[in-house]
2 protein chains.
Amino acid sequence: MAKKISSRPISLSTQPESVTLIDVAKVAGVAPMTVSRALNRPELVRSDTQKKVLDAVRATGYVPNMLAGGLASSKSRLVAILLPTIANSIFAETVQALVDKLTEAGYQTLLGLTAYSTAREEALVEAILGRRPDGIVLAGTSHTKATVERLTKARIPVVEIWDLTNKPIDTVIGFSHEEVGKQVARHLLDKGYRRFGIVSVDDPRGLRRGKSLIAELRKQGIADTAFKILPAPATLQVGREGAALLFDEARPEVIVCSSDTLAQGVLAEAASRKLSVPRDVAVMGFGDLSTAAHVYPSLSTVRVDGTTIGMKAADALLSRFGASPSSMDMPARIDTGFSIIDRESA
Amino acid sequence: MAKKISSRPISLSTQPESVTLIDVAKVAGVAPMTVSRALNRPELVRSDTQKKVLDAVRATGYVPNMLAGGLASSKSRLVAILLPTIANSIFAETVQALVDKLTEAGYQTLLGLTAYSTAREEALVEAILGRRPDGIVLAGTSHTKATVERLTKARIPVVEIWDLTNKPIDTVIGFSHEEVGKQVARHLLDKGYRRFGIVSVDDPRGLRRGKSLIAELRKQGIADTAFKILPAPATLQVGREGAALLFDEARPEVIVCSSDTLAQGVLAEAASRKLSVPRDVAVMGFGDLSTAAHVYPSLSTVRVDGTTIGMKAADALLSRFGASPSSMDMPARIDTGFSIIDRESA
DNA sequence: CTGTTAGCGCCTTCAA
DNA sequence: TTGAAGGCGCTAACAG
């Protein structure tokens, strides 16, 4: 009778063979395909069949194998996220929002950490594309040529975040770091400051903000701006050290920091030197949101809404996942902007 | 001549069919299996064959499909990490260390965020097991029965971190939160404090530390300890609010916080009330490492080395991956400990 | 050292 | 609405 001897040996070992669609189908008394449908497209299955299947799933403890499903359907329900770092990171909120939204939509998230290295990013991209993700999110817009090529060839939605560019790989959601530097310069000049100091970690976007700030100051006739670049990650301690260097050398009227964490370190150093903020020295941070705002009345900051970036990135991906391949060619360029929050005048 | 007509249609579309092992094999002039070996177990392949294959890989731009590979070999080279949250998180360092080490070893990391909900954790575990990860890391030791069952049945290494228990699912790496509460109580009592206040977010481990602290104080004859529990996440602002409540009601001599971020908020509130720390009120944080240490001279804290936890978790996984299935039954229970850092006496 | 065969577990396609 | 056949791309196991 048996058309084919079961290839699965009757297991005598304690290792419970993993339950497959076929096992569920047997228990439910339907074809494997029907189980698949009941699970993935229930609207195509009569409700009593549906029930039989679900009962069988519970009875067997079946967990669908997404490797097999993904291989067969070329849909992995996987989104990769690549960022420089997660420790003490300005990206934390973005990741949180992104992961939350994607999880809710039934996608899982692969996390890769590049440590601000485009070479490492390239290696990660290659490895990750091996998983055939349905989409990928990258922090920043600066990548190696090979990375861009691979990403383009992969023909999946690519979202670059936390920066802006005129030549995105696909979709880009962020703001201009040059514009941040420029606006911060103008804002502080308007308030009458003339001697500036900058504390930044060695992060490409932070450096660009700093350079743009200096460029704008130059335009306005201010030539010498002390620019302290310290190794990442941006910790309170690093902020303190940077501030110490500036206080010892340049005695700036205002210190601009590449992140709020650094700014808090600067505040700590100022306090330890009995310097009053902002009277003796003003401090400007970057990043904000749940950290510094409302808490340090003397701290100004550039506020960036990381949560919005994460949510928009998720939206961008999800809308493309549903869409037809042709509409794949309609990427977006979203400027989420930033705002300068001035605690002194609040 | 052709044993079989190529099943792959000659593509006229612009969509470049993705390159497979077979394509590489053709170009290299070897069998597909040889390509597979050259890529995964090069030591089994003669070096000139090896070279032919690598050249063909480069020429074709081949990216191995890990879904297919995983399905065939039942090895996914994937590790899942489940934590409550990543925003403002005490886990950031742990994740960083874990991801770094695993990436280096050729594993990729799936990130799931549970928001302190065991129900959500259960759903995530189920979804994630569908990817057939080679291992899984969970924050905490408190899970639903279904989660524990599924995890046990999955027969993969499971590492619970940032807590300790006598009944781990498998391996557990962390420290006792009860012990933290107790030691903090004793430490502060020794220093002469008698009126305590606690600010905690609604996080199970933070609450356990707080309860243990209170229990120990009771033992020592101190009955009334104000315990403010605020909704997560732990931000500076929440710390400020908690402190404000305590200052208005209880006027504690010392405030113990469930995280350093909260503690910093408490410092800010104290400052705004012109209270001197630690003279008027002492503040004890939790977590530390790159954040508070060395920066706030007035802040005491419980130091936990999140990086070590992450590295040990990675080690635990990697050693089991290499090992024989039988040695799978030798889990570990590692107490990474903690230390109380007292800035006042430093 | 290299090749052949036979699936891994699921979904697409087509037929009933 | 359900079922049967075939293959997604790769690797284990064995043969040469």
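Quick caveat, the model's predicted, so the values are computed rather than measured. In what follows, every chain begins at residue 1, and chains take the letters A, B, ... in the order their sequences are listed.
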* Asked: Of the candidate nucleotides dG9(D), dG3(C), dC10(C), which contains the atom at the shortest distance from the side chain of Ala68(B)?
  -> dG9(D)

* **Val45(A): which of Gln50(A), Lys52(A), Lys51(A) passes side chain to side chain contact (heavy atoms under 4.5 Å, CB included)** => Gln50(A)

* To do: Under 4.0 Å between any heavy atoms, over every strand shown, what does Leu71(A) touch: base, sugar-phosphate, or nothing? Just pick one.
  => base

Applying side-chain hydrogen bond (donor to acceptor under 3.5 Å, both in side chains), can you list everything that pairs with [X], at least two apart in sequence or on another chain?
| X | answer |
| --- | --- |
| Arg120(A) | none |
| Glu126(A) | Arg150(A) |
| Thr141(A) | Asp163(A) |

* Of residues 31-49 of chain A, the positions that come close to DNA chain C - non-hydrogen atoms, cut-off under 4.0 Å -> Met33(A), Ser36(A), Arg37(A), Asn40(A)

* To do: Under 4.0 Å from any atom of DNA chain C, heavy atoms only: list the residues of residues 57-67 of chain B that qualify, in numerical order.
  => none

* To do: Using the side-chain contact (heavy atoms from CB on, under 4.5 Å) rule, take Met66(A) and Arg77(A) through it: C-alpha gap first, then chi angles, then the decisive distance, then the call.
  => CA-CA 9 Å; Met66(A) 302 180 82; Arg77(A) 304 224 121 214; 4.2 Å; yes

For [X] and [N], what is the distance between atoms [atom1] and [atom2] respectively, to the nearest whole Å?
| X | N | atom1 | atom2 | answer |
| --- | --- | --- | --- | --- |
| Arg131(B) | dC8(C) | CZ | P | 21 Å |
| Ile22(A) | dG3(D) | CD1 | C1' | 14 Å |
| Arg132(A) | dC8(D) | CZ | C1' | 11 Å |

* To do: Could you tell me the separation between the CG atom of Asp170(B) and the OG1 atom of Thr152(B), rounded to the nearest 0.5 Å?
  => 9.0 Å

* Structure fact -> dist Asn65(A):CG -> Thr20(A):OG1 (nearest 0.5 Å) comes out at 9.5 Å

* Among pairs that include at least one residue of residues 103-115 of chain B, which meet side chain to side chain donor-acceptor pair (under 3.5 Å), considering only residues two or more places apart or in two chains? -> Arg131(A)-Gln108(B)

